[in-house]
Amino acid sequence: MIALQGHNRIPSQQEIASAVVLLRSFAPDALASAVRGNFDAAAFALAGGQAKSAGLAPWQVKRAKALFESHLRDGIAVGRLAEACGLSRSHFSHAFKASTGASPHGWLIARRVEKAGEMLRAQALPLTEVALACGFSDQSHLTRLFRRATGVTPRAWRRLHRAAQ
């Protein structure tokens, strides 16, 4: 087993798993060298050998959301988001979901629906223009996803919110 430097106790499986996750993120070569050395892989086995994702750091969430926002209309590849956060595509996807509760694609769709709702309330643009401005392929795409998220069509939502103003 590995003993913590300056301490006489053995680290818990959770502590080891956390250290492994950090090493994977920031120093993959150090992790490989630790595994080649006297590292006992069984010591960090959690939930059948899988370490839980700790999520993104606050700066990574902020950067990912800013990139999503700047590419709301045209979309952005998950690989590009991951690269901006210094992570692999897979790790980024898992950590993003752990941090936000939604997959990157799910979060983007929810943000597009939210933006469409804002535009429907504030502007008298045709639904087709709102759809395209928010990154939907066409009006029917907007209507389908908007209804799934809100329970009403964009046209009905616009009428409800205009009447309330």
Side-chain angles (χ1 to χ4, degrees), residues 13-29 31 44-165:
Q13 288 182 341
Q14 183 64 41
E15 290 169 323
I16 293 171
S18 295
V20 168
V21 169
L22 284 172
L23 282 170
R24 278 187 185 146
S25 298
F26 299 108
D29 294 335
L31 176 63
F44 84 96
L46 290 174
Q50 297 296 318
K52 286 189 171 185
S53 175
L56 297 173
W59 71 268
Q60 291 170 316
V61 172
K62 186 176 179 180
R63 180 172 291 170
K65 287 181 177 181
L67 282 169
F68 270 132
E69 198 65 37
S70 66
H71 293 279
L72 197 59
R73 184 178 182 143
D74 57 342
I76 185 168
V78 173
R80 195 155 161 223
L81 294 165
E83 185 179 307
C85 292
L87 302 172
S88 72
R89 186 174 183 261
S90 176
H91 186 195
F92 172 80
S93 294
H94 286 77
F96 187 87
K97 185 166 186 172
S99 296
T100 66
S103 68
H105 179 72
W107 194 91
L108 176 63
I109 295 301
R111 180 62 190 114
R112 284 177 173 170
V113 167
E114 182 182 350
K115 176 75 172 175
E118 293 168 6
M119 290 181 73
L120 290 167
R121 180 183 303 158
Q123 301 172 14
L125 292 172
L127 291 179
T128 302
E129 287 185 37
V130 172
L132 296 176
C134 293
F136 295 102
S137 57
D138 54 30
Q139 182 179 337
S140 66
H141 187 211
L142 165 66
T143 300
R144 187 173 59 254
L145 294 178
F146 197 92
R147 184 183 323 185
R148 187 180 300 159
T150 65
V152 297
T153 65
R155 192 173 312 273
W157 195 90
R158 178 183 266 170
R159 273 186 260 138
L160 286 170
H161 286 83
R162 287 238 171 117
Q165 287 181 350

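All heavy atoms count here, side chains included; hydrogens, waters and symmetry mates do not. Please read these numbers as outputs of a predicted model, since none were measured by experiment.
The NE2 atom of H94 sits 8.5 Å away from atom NZ of K97, with the distance rounded to the nearest 0.5 Å.
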Identify each donor-acceptor pair in which a side-chain atom of residues 123-135 lies under 3.5 Å from a protein atom, sequence neighbours left out, and give them as a table.
unit_1	atom_1	unit_2	atom_2	d
T128	OG1	Q139	OE1	3.1

Per-pair distances, 0.1 Å, donor-acceptor, side chain in residues 70-85, under 3.5 Å, sequence neighbours excluded:
unit_1	atom_1	unit_2	atom_2	d
S70	OG	A66	O	3.3
S70	OG	L67	O	3.0

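The two residues V152 and A156 come nearest to each other via the heavy atoms CB-CB, 4.3 Å.
Judged as a salt bridge (Lys or Arg N to Asp or Glu O under 4.0 Å), the pairs with a partner in residues 101-113 (not counting sequence neighbours) are, in order, E69-R111, R111-E114, R111-E118.
Residues forming a ring pair (Phe, Tyr, Trp, His ring centres under 6.0 Å) with H141 (at least two apart in sequence, or on another chain): F136. A57 pairs by the side-chain contact (heavy atoms from CB on, under 4.5 Å) definition with W59, Q60, not counting sequence neighbours. Shown here are the ring pair (Phe, Tyr, Trp, His ring centres under 6.0 Å) partners of F68, two or more places apart in sequence or in another chain: F96, W107.
Panel note: side chain T143, backbone T153; no donor-acceptor pair is recorded below 3.5 Å.
Annotation: side chain of S103 is not in contact with side chain of S93 (no heavy-atom distance under 4.5 Å).
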